[in-house]
Amino acid sequence: MSVSLTLPDGSLRSYPGPVSGTTLAADIGPGLLKAALAMRVDGRLVDLAHEIDRDAKVEIVTRKSDEALDLLRHDCAHVMAEAVQELFPGTQVTIGPSIENGFYYDFARDEPFTPDDLAVIEKRMHEIVDRDEAISREVWDRDEAADFFLSKGEIYKAEIIRDIPAGEQISLYRQGGFIDLCLGPHLPSTAKLGHGFKLMKVAGAYWRGDHRNAMLQRVYGTAWRDEKELKDYLHRLEEAERRDHRKLGREMDLFHIQEEAVGSIFWHAKGWTLYRALENYIRRKIEADGYEEVRTPQLIDSSLFIASGHWEMYGDNMMKVPLEEGKRTLGVKPMNCPGHVQIFKQGLVSYRDLPIRMAEFGCCHRNEPSGALHGIMRVRQFVQDDAHVFCAPEQVVEETRKFCRLLESVYADLGFDDFQVVLATRPEKRIGTDAEWDQNEGDLAAAISAAGMSYTVSEGDGAFYGPKIEFHLRDAIGRTWQCGTLQLDSLLPQRLDASYIAADGSKQRPVMLHRAILGSMERFIGILIEHYAGHLPLWLAPTQVVVATITSDADDYAEEVAGLLKARGLRVETDLRNEKINLKVREHSLAKAPYMIVLGRREAENRQVALRTLLGGKQSVIDLTEALDKLAGEALPPA
RNA sequence: GCCGGCGUAGCUCAGGGGUAGAGCAACUGAUUCGUAAUCAGUAGGUCGUCAGUUCAAUUCUGACCGCCGGCACCA
């Protein structure tokens with residue numbers, strides 16, 4: 001029976017019988033054969049050695065293909081596992097997938113791997129690539145495969161086999177003396193991997209991601225098409241390190257954290273200036289959008305949190321304060337919602353009052369696990385740009401749409417124009433009927449579309465009480481951060497017995513939309529610092545202008561200029577030290593002052609200023625009045 | 001919380017069983033200088049904390065605390 005294959009360019013190749021990708025690639029050309037890693041048959045990615053036995057569309061996947069990196073990384077994980085089992089006999093292999101930028105493999109071994117071990121493993125991996133071991137796929141009988149792995153002491157692999165649904169093939173891949181259970185596909189041989197890889201770190205990881213299971217040793221590596229791509233990646237990592245908000249926060253004198261207050265931030269004057277600039281900006285934005293700001297207590301009796309359900313759900317992560325020898329326990333609020341419901345409940349609310357958009361920059365405490373803490377990004381004391389919209393069910397779509405618009409505008413103002421919207425739908429463990437979920441998910445989806453946004457769906461990631469929208473923004477170096485969120489909640493109004501009087505005089509339950517744009521202020525400031533690599537936009541910069549003199553002859557003029565700038569609302573520092581201008585420029589540049597005004601005798605005589613920008617280091621000599629207008633104009637926060 | 005690594009001056013880091021060193025920063029003095037480091041001098045540390053071993057511990061051992069990287073968690 002003949003087989004005819006359609007290639008991506010539309011051309012047709014016919015064979016008298018089944019044919020492998022290797023043969024096909026070789027027939028097309030030796031260059032292609034050399035570059036070939038795998039192939040796509042009718043859209044399905046398979047090994048090059050796979051025999052095509054019927055008519056199909058075939059595409060040879062080469063190093064240049066988009067999917068090449070995935071293949072290379074997955075292969076690299078196997079090569080690493082082979083190296084590990086050669087060097088450390090008795091180590092069990094478990095799973096080793098490709099991930100963003102690389103791969104990992106989880107090993108079970110009593111001895112921990114040391115950083116020195118990594119170097120040795122990496123060296124052996126290069127040797128395995130040079131050995132050019134052929135990689136071949138074998139289909140095994142399920143029981144034989146399970147027995148085989150058990151006989152080798154590979155209990156994790158046996159467990160994986162046990163969990164593969166009946167009817168699915170059990171495929172093993174063999175390269176040299178190494179054989180691994182794997183779905184594939186793989187490269188034809190280890191040499192195709194090349195040498196663009198590097199082992200990065202060892203870390204613990206729970207078997208199957210469950211903290212009740214044994215902890216395995218995960219070795220992370222990065223892998224690329226060639227050594228140049230690898231080098232570029234390592235360079236990008238260095239760039240990310242330079243942007244680290246913990247380092248910049250210290251260098252820019254923004255904040256610090258110390259042992260006596262783990263998980264809480266000491267905001268220095270400059271950092272707090274940034275914080276307030278951001279908070280005030282949000283305050284103006286939400287005020288313009290119909291929000292009212294409130295403030296609720298820090299300490300609230302446990303009874304309220306018991307009623308809200310938080311005590312049971314998150315009690316372990318709450319800060320608790322026993323009072324009156326244990327007769328009462330107060331909880332330090334971990335979020336603002338129960339408090340907001342209390343304000344809502346004061347007096348009667350009419351349907352005419354809805355929606356009520358209640359905002360609070362309330363300080364919340366959560367006893368985050370020690371391992372979760374990270375700079376100012378993950379702390380135990382934080383403030384959200386939090387608000388709750390109390391509305392009637394039929395107002396959900398409009399309120400959600402309105403929020404999406406607001407959020408989009410805020411992100412744009414802050415320099416993030418790329419963000420993704422994710423709709424998280426009903427989880428397995430949930431309350432409410434399917435009809436309610438259909439309605440709620442539909443409402444959110446409709447609202448996102450009405451706001452002119454597209455979204456992806458994350459199945460099962462919603463809260464147990466309702467679906468949520470997540471907003472992930474992309475920073476200057478391509479990382480994504482989940483910041484904004486909107487959660488539809490009809491449970492809390494019920495648990496805390498909030499109601500309004502409807503048009504027909506009946507008592508109705510409002511719906512609550514929990515929503516935040518920045519998320520935690522602390523975390524968002526960390527993101528801003530890293531996004532801008534410390535070069536904050538003028539309106540957010542703690543010091544906006546440094547007035548520096550060249551000689552002391554200009555001191556009086558410098559004081560005058562600084563005074564005039566301050567009068568125009570700018571945040572100004574003067575530098576009248578008896579130091580060379582080179583030093584002053586260097587120091588203030590390193591401190592990331594967006595503008596410097598350099599004054600010498602000439603400027604003083606002409607009532608001009610030499611204005612210098614940090615980025616680009618451009619300078620221009622302009623009249624003082626012009627400079628005042630220019631800077632005052634540019635320093636205005638976005639409207 | 002779990003696994004691994006780390007903890008020496010304000011910062012970056014070296015050192016190592018006989019109570020410590022560099023560069024930068026700081027301070028003092030000189031220098032008045034045109035856009036990313038002027039020169040000279042001075043001072044600065046219970047070597048994370050607490051135990052143990054030892055004639056002697058910052059160094060070795062243990063526990064604890066903290067930080068870093070992951071995992072788990074994130075209302």
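We name chains A, B, ... by the order of the sequence lines, and we start the count at 1 in each one.
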Whole angstroms only, please: what is the [atom1]-[atom2] distance between [X] and [N]?
X	N	atom1	atom2	answer
A/Lys468	B/rC74	NZ	P	9 Å
A/His340	B/rA75	NE2	C1'	14 Å
A/Leu590	B/rC11	CG	P	17 Å
A/Met215	B/rC73	CE	C1'	12 Å
A/Arg430	B/rA75	CZ	P	19 Å
A/Trp481	B/rC74	CH2	P	19 Å
A/Asp116	B/rC6	CG	P	10 Å

Residue closer to the 5' end of RNA chain B, A/Gly315 versus A/Gln217 (nearest nucleotide)
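Taking each residue's closest nucleotide, the earlier one in sequence belongs to A/Gln217.
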
Looking at every strand, decide which applies to [X] at a 4.0 Å heavy-atom threshold: base, sugar-phosphate, or nothing.
X	value
A/Glu603	base
A/Leu583	sugar-phosphate
A/Ala205	sugar-phosphate
A/Gly209	sugar-phosphate
A/Lys580	base

What orientation do A/Tyr411 and A/Phe471 show, parallel under 30°, tilted 30 to 60°, or perpendicular over 60°?
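Answer is perpendicular, since the angle exceeds 60°.
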
Look at the aromatic rings of A/His514 and A/His388 and report parallel, tilted or perpendicular, splitting at 30° and 60°.
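Geometry flag for A/His388 against A/His514: perpendicular rings.
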
Phosphate contact ([N] OP1 or OP2) by [X] side-chain N/O below 4.0 Å:
X	N	result
A/His374	B/rC67	no
A/Ser552	B/rU32	no
A/Arg378	B/rC73	no
A/Tyr220	B/rC71	yes

Considering only [options], which nucleotide approaches the side chain of [X] most closely?
X	options	value
A/Glu579	B/rU38, B/rG5, B/rC33	B/rU38
A/Ile550	B/rC11, B/rC33, B/rC67	B/rC33
A/Asn582	B/rA75, B/rU35, B/rG5	B/rU35
A/Glu368	B/rC73, B/rU38, B/rG70	B/rC73
A/Arg246	B/rG69, B/rU31, B/rC71	B/rG69
A/Ala203	B/rG70, B/rA75, B/rG34	B/rG70
A/Thr551	B/rA75, B/rU38, B/rU32	B/rU32
A/Arg586	B/rA37, B/rG5, B/rA75	B/rA37

Counting distance alone, no hydrogens or angles: does the base of B/rG70 have a donor or acceptor under 3.5 Å from a partner atom on the side chain of A/Tyr206?
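Absent.
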
Would you state whether a donor and an acceptor, one from the side chain of A/Asn317 and one from the base of B/rC73, lie under 3.5 Å apart?
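Answer is no: no donor-acceptor pair is held.
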
Is it possible for you to check whether A/Lys429 lies under 6.0 Å from the centre of the six-membered ring of A/Phe464, through NZ or CZ, and within 45° of that ring's axis?
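Relative to the ring axis of A/Phe464, which defines the angle, A/Lys429 lies outside at least one limit.
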
Close side-chain approach of A/Leu513 to A/Phe390, heavy-atom, < 4.5 Å:
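The answer is no, as the side chains (C-beta and beyond) never meet within the 4.5 Å cut-off.
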
If pairs are Watson-Crick or G-U with both distances under 3.5 Å, what is the dot-bracket string of RNA chain B, marking crossing pairs with [ ] and pairs to another strand with |?
(((((((..((((....[..)))).(((((.......))))).....(((((..]....))))))))))))....

Which pairs of donor and acceptor atoms, one on a side chain in residues 107-115 of chain A, lie under 3.5 Å apart (sequence neighbours left out)?
{"unit_1": "A/Arg109", "atom_1": "NH1", "unit_2": "A/Glu111", "atom_2": "O", "d": "3.2"}
{"unit_1": "A/Thr114", "atom_1": "OG1", "unit_2": "A/Asp116", "atom_2": "N", "d": "3.3"}
{"unit_1": "A/Thr114", "atom_1": "OG1", "unit_2": "A/Asp117", "atom_2": "N", "d": "3.0"}
{"unit_1": "A/Thr114", "atom_1": "OG1", "unit_2": "A/Asp117", "atom_2": "OD1", "d": "3.4"}
{"unit_1": "A/Thr114", "atom_1": "OG1", "unit_2": "A/Asp117", "atom_2": "OD2", "d": "3.3"}

Using a strict threshold of under 4.0 Å (side-chain N to carboxylate O), is an ion pair present between A/Lys333 and A/Glu360?
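Yes.
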
Set out, in order, the CA-CA distance, both residues' side-chain angles and the distance that settles salt bridge (charged side-chain N to carboxylate O under 4.0 Å, His left out) for A/Arg218 and A/Asp106, then state yes or no.
CA-CA 4 Å; A/Arg218 176 171 297 178; A/Asp106 285 347; 2.7 Å; yes

Is the A/His256-A/Phe266 ring centre distance short of 6.0 angstrom?
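Yes; A/Phe266 has its ring centre under 6.0 Å from that of A/His256.
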
Look up atom CD in A/Glu470 and atom CG in A/Asp461, then write down how far apart they are to the nearest 0.5 Å.
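That separation rounds to 6.5 Å.
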
